[in-house]
2 protein chains.
Amino acid sequence: MSITAVELKHAYRLLNHGPVVLVSAAHAGKQNIMAAAWNMPLDFDPAKIAVVIDKNTYTRGLIEAAGTFAINVPCMQQSKVVMQVGSSSGKEARFAESDKMAAYQLPTFASTKIEAPLLAGCVAWLECRSLQGEIENQQKHDLFIGEVVAAYADSRVFSNGRWHFEGHDQLRTLHYIAGGAFFATGDSVSITP
Amino acid sequence: MSITAVELKHAYRLLNHGPVVLVSAAHAGKQNIMAAAWNMPLDFDPAKIAVVIDKNTYTRGLIEAAGTFAINVPCMQQSKVVMQVGSSSGKEARFAESDKMAAYQLPTFASTKIEAPLLAGCVAWLECRSLQGEIENQQKHDLFIGEVVAAYADSRVFSNGRWHFEGHDQLRTLHYIAGGAFFATGDSVSITP
C-alpha cells in the first residue's frame, strides 16, 4: 500500500462520484467513526465538502468540540467494517469502555493536520476543518461544511487526480442504498460530447 | 418504459448512491437543463435534497425566479446527452433562439407539480420546491435545498424503494469524475454486519 498526498485542488475528485464515507473525529481523548452516505464536494478552491451528521450521533459531539473531522473513503474489502460502523452508535453502552475502533479492532493512523484518526485500509482520506459561521446549517439541516486541509489517497487506485480501479476490484469504492445494500463503483465510461 | 411514482419517503434512495444528475428548470417561457455532480439527499421526511448550482449558470436564474427545479437522474444510454448538457451553458448565444432542449433535440415531458420539464430517457425524476429562507446558502455556497414534492422512476430499474439494474446495463446510473470520465453504477453488494 502506498498512501500519497492529493493536491487540494483535486480533493473534490475523491468524493465527486458519490461514494459512501466514514466520518471520524476525536476530542479530549475520545474518538469515534460513523458512516455517512450523504456527502458531496462543495467547492474547488479552497476545497470544501458538505456532509450530513445527525444530531443523535456520538461523532457529532466530537466534531462540534474539536472543530475538525476526517472523511475516510472505504472500499470493497472493508464492506463488513462499513456495516459495523454504520449500524452501531458510539453512544451505545458497549462502547463506553472501548470505543468503536477498539471494539471492532479497526486499525487507524494519525491525521497530519487535525485530531481525528484515519481508518487504515480505506482508499482516500480528507482532513477537514469545520467551517466557521455555519451553526444554522448544523442546527437546521444537520449539515456540516468542511474545508479540506489535507487529502491522501491509495496510489494504487488514485493518482494524478484520477481514480483507476481496474485490476483492483477489492479497492473499488462503495455507494450506499439502504438496508445493507450497496453498489460497487463500476466500469469506467469515457464520453466525448 | 413504465414511469411510476416513488413514495416521497423513498425519494432519497434515488440519489443516495451518488449519481450525477441533470437539473432542469423553467420560468416565463424559458427553460434549461444543466449537469450537477454535487448533489445529495438532505432529509427523509419531508424529503429534501441539496444541490450545488453555480452562479454562472443559466438554470440558476430560472430556479431563483420559479422557486422550483427538477432533478433528472440520467443513465448510460444518455451518456452523450449528459456531456452535451454538462459542457454547454444556456447562456451561450447559440441557445438564444432555441434552448438546449431544442438544440440537442432532447425529448421532455411535463412535471406534475412544478414548471420544470423532465428529460425523457432518464431513470428517475424528483420535482423540488426550493426551500424558503435559504438565501444565505444560495449566495454563500451556491447551495440549493429542495423539498421533494413528487418523485418518479423507471420501474424497470427502480421499484419498491430499490434500484435493480441487473439485465439493464444501459439503464445504469452514472457517477461523474472529471473531464468526460464517468463510472457506471456497478455490481450490487449486500452486506450483513
Side-chain angles (χ1 to χ4, degrees), chain A residues 10 12-13 15-20 36-43 48-52 76 79-88 131 133-134 136-137 140-143 145 161-163 165 169 172-193, chain B residues 10 12-13 15-20 36-43 48-52 76 79-88 131 133-134 136-137 140-143 145 161-163 165 169 172-193:
Chain A
H10 286 158
Y12 78 94
R13 295 186 184 177
L15 301 183
N16 212 67
H17 65 302
V20 65
W38 296 0
N39 70 81
M40 65 179 180
L42 190 63
D43 210 344
K48 292 178 199 157
I49 61 94
V51 60
V52 177
M76 285 283 283
S79 54
K80 189 178 174 187
V81 169
V82 175
M83 278 305 291
Q84 286 174 327
V85 162
S87 59
S88 61
L131 208 67
E134 296 295 334
E136 188 174 339
N137 272 329
K140 191 173 170 186
H141 301 302
D142 293 336
L143 183 69
I145 297 175
R162 292 299 173 104
W163 288 105
F165 295 113
D169 283 348
R172 286 180 185 272
T173 48
L174 297 163
H175 304 265
Y176 190 57
I177 312 165
F182 295 79
F183 291 114
T185 302
D187 294 335
S188 293
V189 183
S190 191
I191 303 162
T192 46
Chain B
H10 287 157
Y12 77 96
R13 295 184 184 180
L15 301 183
N16 212 68
H17 64 303
V20 66
W38 298 359
N39 69 81
M40 66 179 179
L42 190 65
D43 209 346
K48 292 178 199 156
I49 61 91
V51 61
V52 178
M76 286 284 281
S79 54
K80 187 177 174 187
V81 169
V82 174
M83 278 305 292
Q84 287 174 327
V85 163
S87 59
S88 61
L131 209 66
E134 295 295 333
E136 189 174 341
N137 272 328
K140 192 172 170 187
H141 301 302
D142 293 336
L143 183 69
I145 298 176
R162 292 300 174 103
W163 289 105
F165 295 113
D169 283 348
R172 285 180 186 272
T173 48
L174 297 163
H175 304 265
Y176 190 57
I177 313 165
F182 295 79
F183 291 116
T185 302
D187 294 337
S188 293
V189 183
S190 191
I191 303 162
T192 45

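- For chain A, the option among B:S188, B:S190, B:G161 with the highest count of heavy-atom pairs below 4.5 Å is B:S188.
- Scanning all heavy atoms of the two residues, the minimum distance from B:G133 to A:K140 falls at O-NZ, 3.8 Å.
- At distances below 3.5 Å, not a single donor-acceptor pair connects side-chain atoms of B:D187 with backbone N or O atoms of A:A184.
- Listed here is the closest heavy atom pair of A:A181 and B:R162: CB-NH1, 3.7 Å.
- Remark: B:T185 OG1 to A:H175 NE2 distance equals 6.5 Å, nearest 0.5 Å.
- In this structure, chain A has no heavy atom under 4.5 Å from any part of B:D142.
- Taken from CD in B:E134 to CG in A:N137, the straight-line distance is 6.5 Å, to the nearest 0.5 Å.
- The part of A:L131 that comes within reach of chain B is its side chain, from C-beta onward, which places non-hydrogen atoms under 4.5 angstrom from that chain.
- When side chains are defined from C-beta on, A:W38 counts as touching B:N16, because their heavy atoms get closer than 4.5 Å.
- Residue pairs meeting the salt bridge (charged side-chain N to carboxylate O under 4.0 Å, His left out) criterion with at least one partner in residues 172-186 of chain A, sequence neighbours excluded, are A:D169-A:R172.
- Annotation: side chain of A:L143 is in contact with side chain of B:M40 (closest heavy-atom distance under 4.5 Å).
- If you tally non-hydrogen atom pairs under 4.5 Å between each of B:L42, B:V52, B:V81 and chain A, the highest count goes to B:L42.
- To the nearest 0.5 Å, atom CZ of residue B:F183 and atom CH2 of residue A:W163 are 8.0 Å apart.
- Heavy-atom distances place the side chain of A:I145, and not its backbone, under 4.5 Å from chain B.
- Contacts with chain B were tallied for A:A37, A:G179, A:G18; A:G18 has the most, counting heavy-atom pairs under 4.5 Å.
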